[in-house]
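Okay, structure first, notes after.
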Amino acid sequence: MRIPFFDMAAELATVRADVDRAIARVLDSGTFIGGPEVEGFERALAATTGARFAIGTSSGTDALLAIGMALGWRPGVEVVTTPFTFFATVGAIVRLGATPVFADIDDERMTLDPAAASAAVTSETVAVMPVHLFGLRAAHPVVPCAVVEDAAQAIGAGPARGVAAALSFFPTKNLGAVGDAGAVLTDDPELADRVVLLRSHGARPKYHHVAVGGNFRLDAIQAAVLAAKLPHLARWTAARRALAASYRAAFVSAGLHEVRLPVDDPAHVYHHFVIRAPARDRLREHLASVGIGTETYYPQPLHHAPALEAVSYRPGACPRAEAACTAVLALPMHPALSRDAPTRVVDAIRGFYRG
Ligand SMILES: *Cc1c(COP(=O)(O)O)cnc(C)c1O
């Protein structure tokens, strides 16, 4: 039997009636932008995450961009971050004309190494941006500037500790919309106010523009769907953790010591279950041939990305991130995954190595 990497329909099926009702309510209301659905979701999200302010945005990418704009990132300033992340983290820096400075990852956690980040801080550095990768919190760096968290993959992994955090509700994230959506979390009332202003073209009041922002708004339909799904998040996170425990147990009993497992942290929310494996590409082909879907997050460290050639192209600068890119493999992991899937996936992996 096939084990797809992700199964959108199966996840949605468990809450389909609530989601249908939420969408119908928005259609009946005639209010599609802003309004009570968005405000209600923002209140529920703040309560769930422990943030003082939760501000819905059009995507996780726009949440990061709005944070950078609100903090005044501009040409000449530097933001220190990890090269082992999704491109949006760095895009938010570069699109504002600021310079991303890459510091290497911690070899165990695969998240930004706080010591390397600290060492990369200069007098031009305005922020350090750790990424809570695959659902595992990055260590909080102690630095004389702002810490902005890319928490796109880590809702539920603990409260934000930086000045602001960005969440993504891309459909496959731990809390997924039925389209693009995201949020900014912060405890700072001035920063929250600035993000709200920038989210609607800097208009205050309407059609009186006091800042250049953008359209970073969360749709009412997405807000209503997210509000319907939010009460299930804790249960889904528990399901992810149980699957992770099954993977671990299966790897131990298979004696596959050449495969490195993700850090076993009680706060891990397992957006992905990412192993590091020798002969990764051939293993991936083998698993595909027996019907098991996998992904490589991420195959290219961002300091090797041609898109950043003019700003931060430094081949060889972050050897731990480079090594991770050649070895990482994300195995099937989502709340609707069958309980015996981890054993079957690990059996197939053992088949590859032990033939
Ligand atoms: C998904 C993701 C984003 C961007 O979120 P979108 O909602 O897809 O724009 C940013 N950073 C990381 C680490 C992500 O995984």
Side-chain angles (χ1 to χ4, degrees), residues 5-6 8 41 45 54-69 73 79-96 100 102-103 105-106 109-112 117 127-138 147-158 160 162 164-185 195 199 214-219 221-223 225-226 229 240 262 268-274 295-303 305 307-308 321 324-325 328 330 333-334:
F5 181 66
F6 190 78
M8 192 81 250
F41 172 63
L45 183 63
I55 303 145
T57 58
S58 32
S59 67
T61 299
D62 287 343
L64 290 166
L65 189 63
I67 292 169
M69 290 174 86
W73 296 355
V79 177
V80 175
T81 191
T82 166
F84 190 55
T85 179
F86 179 58
F87 191 79
T89 314
V90 177
I93 304 167
V94 179
R95 288 169 67 189
L96 295 173
F102 292 115
I105 57 172
D106 172 277
R109 302 181 80 80
M110 295 195 280
T111 51
L112 182 64
V128 172
M129 190 154 41
V131 178
H132 304 319
L133 199 68
F134 309 141
L136 178 67
R137 288 191 70 86
V147 175
V148 171
E149 297 167 53
D150 182 338
Q153 302 185 358
I155 189 169
L167 296 180
S168 166
F169 306 119
F170 185 81
T172 59
K173 295 280 159 79
N174 286 27
L175 179 67
V178 290
D180 278 311
V184 173
L185 304 178
V195 169
R199 177 172 67 170
N215 174 357
F216 307 138
R217 292 181 299 254
L218 173 66
D219 291 343
I221 283 192
Q222 301 306 338
V225 169
L226 289 164
K229 292 180 81 176
R240 288 174 184 274
H268 205 318
V269 295
Y270 294 101
H271 175 54
H272 295 303
F273 190 89
V274 178
E295 265 299 341
T296 44
Y297 301 118
Y298 294 93
Q300 180 186 60
L302 294 179
H303 60 291
L308 302 177
C325 288
V328 280
M333 166 59 78
H334 58 89

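Residue numbers count from 1 along this sequence. Both ligands and their constituent atoms are indexed starting at 1 by order of listing. This structure is a prediction, so every number in the text was calculated from the model and none was measured. The figures that follow rest on heavy atoms only: side chains count, while hydrogens, waters and symmetry mates do not.
In terms of heavy atoms, Trp73 sits closest to Ala92 at CE3-O, 4.4 Å. Contact detail for Arg199 and Gly56: the closest heavy-atom pair is NH1-O, 2.8 Å. Heavy atoms only, all atoms of each residue included: Met129 and Leu64 are closest at SD-CD2, 3.9 Å. Summarising the geometry of Asn174 relative to Val269, their closest heavy-atom pair is ND2-O, 3.1 Å, with the distance given to 0.1 Å. Contact detail for Pro130 and Ala138: the closest heavy-atom pair is CB-CB, 3.8 Å.
Residue, atom and distance of the protein heavy atom nearest to atom 13 (C) of ligand 1 are Asp150 OD2, 3.5 Å. Of the protein's heavy atoms, Lys173 NZ, 2.7 Å lies nearest to atom 2 (C) of ligand 1. In terms of protein heavy atoms, atom 15 (O) of ligand 1 is closest to Gln153 NE2, 2.8 Å.
Under the 4.0 angstrom criterion for non-hydrogen atoms, His271 is not in contact with ligand 1.
Within the listing of ligand 1, atoms 7 (O), 9 (O) sit less than 4.0 angstrom from a heavy atom of Ser59. Close approach of ligand 1 to Ala88 is summarised as follows: ligand atoms under 4.0 Å from at least one heavy atom of the residue are 4 (C), 10 (C). Close approach of ligand 1 to Gly60 (heavy-atom distance below 4.0 Å) involves ligand atoms 5 (O), 6 (P), 7 (O), 9 (O). Less than 4.0 angstrom separates some heavy atom of Thr85 from each of these atoms of ligand 1: 13 (C).
In Val131, the part holding a heavy atom less than 4.0 Å from any atom of ligand 1 is the side chain. At a 4.0 Å heavy-atom cut-off, ligand 1 touches Thr61 through backbone and side chain alike.
In this structure Lys229 satisfies the salt bridge (charged side-chain N to carboxylate O under 4.0 Å, His left out) test together with Glu11, sequence neighbours excluded.
Geometrically, ligand 1 and Asp180 share no nitrogen or oxygen pair separated by less than 3.5 Å.
A side-chain donor-acceptor contact under 3.5 Å links Glu149 and His132.
Taking the six-membered ring where the residue is Trp, the centroids of Phe169 and Phe41 are separated by under 6.0 Å.
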